[in-house]
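When reading the values below, keep in mind they use all heavy atoms of this one structure, side chains included, and skip hydrogens, waters and symmetry mates.
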Amino acid sequence: MADKNTAAVINTADYKGIWVFMEHAEGELRSVGFELLGQGRCIADQLGEELSAVIIGDHVAGLAKHAFASGADKVYLVEGHEYEHYTTDAYTIAFADLINTYKPSVVLIGATNDGRDLGPRVACRVGTGLTADCTNLAVDEQTGLIAWTRPALGGNILATIFCPNHRPQMGTIRPKVFKQPEQDLTRNGQIIRVQSKVNSADIRTKLVDVIKACTAAVNIEEADIIVSGGRGMCSTENFKLIEELARVLGGAVGASRAAVDAGWKPALHQVGQTGKTIGPKIYFACGISGAIQHVCGMSSSDIIIAINKDPDAPIFRVSDFGIVGDAMEVLPALIEEFKKIKEG
Ligand code: FAD
């Protein structure tokens with residue numbers, strides 16, 4: 001957090017505009033940036049301010065049109081070969097310079113690996129605070145401040161945090177908390193090109209190699225279909241039914257914390273408050289009771305299908321379709337039917 005001296009010189013009225021940091025990989029913007037533009041647009045309209053996207057990279061000007069299509073009024077573009085790959089040093093220097101020059105009021109960054117690295121560094125450089133890993137954000141009607149919400153005290157409470165005296169108000173927000181807005185490709189905006197001020201000597205790390213993880217089965221944040229299993233699956237052996245249904249549907253495998261604690265799946269698969277927040281098109285919850293800490297991680301799924309042998313299980317209250325039955329009987333039947341559909 002900034003010290004008292006910094007607080008004394010800040011005039012919050014000098015800071016205007018909502019900014020979203022747009023991550024990109026392999027020539028494409030990552031979905032969390034679009035999700036934040038959608039929510040950023042709502043906030044900007046409420047506050048009567050502009051929404052801007054920040055794109056830093058090498059030869060990335062072509063990405064600006066997608067930011068405009070998702071609601072941005074402006075794009076701040078920093079290009080240079082030193083930004084080809086994300087590095088903490090180069091991106092921190094560029095982003096902090098942008099903020100010091102253009103003085104946005106609010107900065108939103110995805111709580112991804114890079115975003116969690118970049119956000120606090122930039123906040124520290126520009127002398128403000130940052131609320132990390134938010135699960136919601138909104139405008140406080142009384143003060144016009146951003147109300148940042150995040151789990152606290154080991155996830156047992158949700159804390160709402162304000163940043164009244166420093167600017168910008170900054171936070172990292174979990175992917176999939178907000179839906180992506182509809183793209184309007186007729187929208188346009190202003191590109192503000194900003195010269196890079198980073199020397200290669202400023203960058204203390206060197207990217208040697210990019211090793212792709214075998215994420216197909218693990219990257220539940222990007223998956224359209226997720227089949228999740230809980231304690232009701234009873235064993236590693238039975239959990240194979242979850243994996244088989246996910247494979248047949250071309251989806252990813254999720255797990256409740258109870259299933260992760262039992263060692264049936266690694267923690268990367270955990271859905272929920274202390275796991276991942278996901279928003280697939282279809283979510284299967286098999287042998288999962290529907291505890292609030294699980295539901296808060298998957299409730300924004302478009303369609304939720306629950307399989308549980310207890311007709312009173314709380315999961316059915318948040319489900320679009322419910323199957324009351326033994327998962328060890330229902331899952332093989334579903335797998336067989338979906339296989340038949342797939343084979344035509
Ligand atoms: P259970 O609650 O034991 O439910 C098992 C369900 O399976 C039951 O509904 C039962 O009827 C059903 N069942 C049993 N046998 C069968 C069968 N043969 N066929 C069909 N159904 C069957 N949990 C998470 O998932 N994610 C989190 O991120 C998370 N974070 C937490 C953070 C904190 C601070 C705390 C305190 C808890 C957290 N939890 C989290 C744990 C959470 O409270 C629950 O304990 C957990 O979600 C329960 O997992 P479960 O539904 O698999 O197991």
Within the 3.5 Å criterion, strictly below it, is a donor on Asp184 or Thr186 matched to an acceptor on the partner's side chain? yes
- Message: As a quick check of understanding, evaluate side chain to side chain contact (heavy atoms under 4.5 Å, CB included) for Gln39 and Cys42, giving each step before the final call.
- Response: CA-CA 5 Å; Gln39 184 65 4; Cys42 299; 4.3 Å; yes
CD1 (Ile173) and CZ (Arg150) are apart, to the nearest 0.5 Å, by 12.0 Å
Subject >> Check: Lys176 and Glu35 side chains under 4.5 Å, non-hydrogen atoms >> reply: yes
All heavy atoms of Pro332 vs all of Ala327, minimum pair found to be CD-O, 3.8 Å
>> Side chains of Val107 and Phe21, heavy atoms from C-beta outward: is any pair under 4.5 Å?
In response: no
Tightest non-hydrogen contact, residues Asn308 and Asp310, listed as OD1-N, 2.9 Å
Apart from Val210 itself, members of its ILVMFWY cluster (side-chain separation under 4.5 Å) are Leu207
Paired with Pro164, the side chain to side chain contact (heavy atoms under 4.5 Å, CB included) test is passed by just one of Leu145, Thr12, Thr143, namely Leu145
Ser301 (side chain) donor-acceptor with Met298 (main chain) under 3.5 angstrom
yes
Note: Ile242 and Ser228 closest approach over all heavy atoms is CD1-O, 3.7 Å
| message | Just so I know, are the side chains of Leu331 and Met233 near enough to count as touching, which here means a heavy-atom distance under 4.5 Å? | response | yes
| message | Hydrophobic clusters here meaning ILVMFWY residues chained together by side-chain heavy-atom distances under 4.5 Å, can you tell me if Val60 and Val78 are in one? | response | no
Ignoring hydrogens and geometry, is there a side-chain-to-backbone donor-acceptor pair from His269 to Val253 under 3.5 Å? yes
Checking the side chain of Tyr91 only, and the main-chain atoms of Tyr83 only, is there a donor and an acceptor separated by less than 3.5 Å? yes
- Item | Arg30 (side chain) donor-acceptor with Met22 (main chain) under 3.5 angstrom | no
*When you look at Glu337 and Lys342, which way does the salt bridge (Lys or Arg N to Asp or Glu O under 4.0 Å) test go after all the steps?*
CA-CA 9 Å; Glu337 285 305 312; Lys342 222 172 138 187; over 6 Å; no
Rounded to the nearest 0.5 angstrom, the CD-CZ distance for Gln169 and Phe162 is 9.5 Å
- Is Val32 linked to Ile146 within one hydrophobic cluster, defined over Ile, Leu, Val, Met, Phe, Trp and Tyr using a side-chain heavy-atom separation of less than 4.5 Å? yes
Looking only at side-chain N and O atoms, does Arg257 offer a donor or acceptor that is under 3.5 Å from a partner on Thr274? yes
Evaluate the side-chain proximity of Leu137 to Thr149: yes if any heavy-atom separation is below 4.5 Å, no if none is.
-> no
Residue pair Asp114, Thr112: steps toward the side chain to side chain donor-acceptor pair (under 3.5 Å) verdict: CA-CA 5 Å; Asp114 289 352; Thr112 59; 5.8 Å; no
Between Ser235 and Trp264 the two heavy atoms that sit nearest each other are N-CZ2, 3.4 Å
How about Thr172 and Asp133: does a side-chain donor come under 3.5 Å of a side-chain acceptor? no
Check: Where do Ile335 and Arg247 land on the side chain to side chain contact (heavy atoms under 4.5 Å, CB included) test, with the steps shown first?
Finding: CA-CA 9 Å; Ile335 291 165; Arg247 194 187 61 73; over 6 Å; no
Note to self: Donor-acceptor check, side chain of Lys16 to backbone of Glu49, threshold 3.5 angstrom: yes or no?
What the structure shows: no
Next on the checklist: Is it true that, when you exclude Lys281 itself, more than 12 heavy atoms of the residues, nucleotides or ligands shown sit nearer than 6.0 Å to its NZ?
Outcome noted: no
ask   = Below 4.5 Å, heavy atoms only, C-beta onward: do Leu29 and Glu23 meet side chain to side chain?
value = no
Quick one: does any side-chain atom of Arg167 pair with a main-chain N or O of Tyr15 as donor and acceptor, under 3.5 Å?
no
Tell me whether Leu36 shares a hydrophobic cluster with Leu98, the cluster being built from Ile, Leu, Val, Met, Phe, Trp, Tyr side chains joined at under 4.5 Å.
no
What one should report as the nearest heavy-atom pair of Pro104 and Pro168 is O-CB, 3.2 Å
Original post:
Do Leu185 and Gln183 come close enough that some side-chain heavy atom pair is under 4.5 Å?
Top reply: yes
How about Lys309: does its NZ atom have over 12 heavy atoms from other parts shown lying under 6.0 Å from it?
no
NE2 of His59 to CD of Glu84, rounded to nearest 0.5 Å, is 9.5 Å
- Close side-chain approach of Thr128 and Cys163, heavy atoms under 4.5 Å: yes
**Asked** How are the rings of Trp19 and Tyr102 set to each other: parallel, tilted or perpendicular (split at 30° and 60°)?
**Response** tilted
*Identify whether the distance between the nearest side-chain nitrogen and carboxylate oxygen of Arg193 and Glu79 falls below 4.0 Å.*
yes
| message | Can you tell me if Arg41 has over 12 outside heavy atoms packed within less than 6.0 Å of its CZ? | response | yes
Yes or no on side chain to side chain contact (heavy atoms under 4.5 Å, CB included) for Ser319 and Ile304, after CA distance, side-chain angles and deciding distance?
CA-CA 5 Å; Ser319 302; Ile304 298 170; 3.8 Å; yes
Electrostatic pair Asp14-Lys103, nearest N-O below 4.0 angstrom
no
Going by an N to O cut-off under 4.0 Å, is there a salt bridge joining Glu244 and Lys339? yes
Derivation of the side chain to side chain contact (heavy atoms under 4.5 Å, CB included) call for Asp224 and Ile282: CA-CA 7 Å; Asp224 280 340; Ile282 307 178; over 6 Å; no
> Mind checking whether His294 and Tyr283 have parallel, tilted or perpendicular rings, split at 30° and 60°?
Replying inline: tilted
Report task. Taking atom CZ of Phe321 as the centre, report whether more than 12 heavy atoms of other residues, nucleotides or ligands fall under 6.0 Å from it. Result -> no
I'd like to know if Glu343 and Lys340 make a salt bridge, using a cut-off of under 4.0 Å between side-chain N and carboxylate O.
no
Would you sort out whether Thr277 and Arg174 count as a side chain to side chain donor-acceptor pair (under 3.5 Å), showing the intermediate values?
CA-CA 7 Å; Thr277 304; Arg174 286 189 187 192; 3.0 Å; yes
message: Any non-hydrogen side-chain atom of Tyr86 less than 4.5 Å from a side-chain atom of Asp117?
response: yes
- Would a hydrophobic clustering, with Ile, Leu, Val, Met, Phe, Trp and Tyr connected at side-chain separations under 4.5 Å, put Ile109 with Leu37? no
Would you say Asn199's side chain and Asp202's backbone share a donor-acceptor pair under 3.5 angstrom?
-> no
Are any side-chain N or O atoms of Asp89 and backbone N or O atoms of Arg204, one a donor and one an acceptor, separated by less than 3.5 Å? yes
Nearest heavy-atom contact between Phe239 and Ala259 is CE1-CB, 3.9 Å
Q. Which class fits the ring pair Phe284 and Phe338: parallel under 30°, tilted 30 to 60°, perpendicular over 60°?
A. perpendicular
Electrostatic pair Asp312:Arg317 at N-O distance under 4.0 angstrom:
no
Separation between CD1 (Ile307) and CZ (Phe316), nearest 0.5 Å, reads 9.0 Å
So CG of Asp140 and CH2 of Trp148: to nearest 0.5 Å the spacing works out to 13.0 Å
Examine Ile288 and Val271 and state if one hydrophobic cluster contains both, with Ile, Leu, Val, Met, Phe, Trp and Tyr joined whenever side-chain heavy atoms are less than 4.5 Å apart. yes
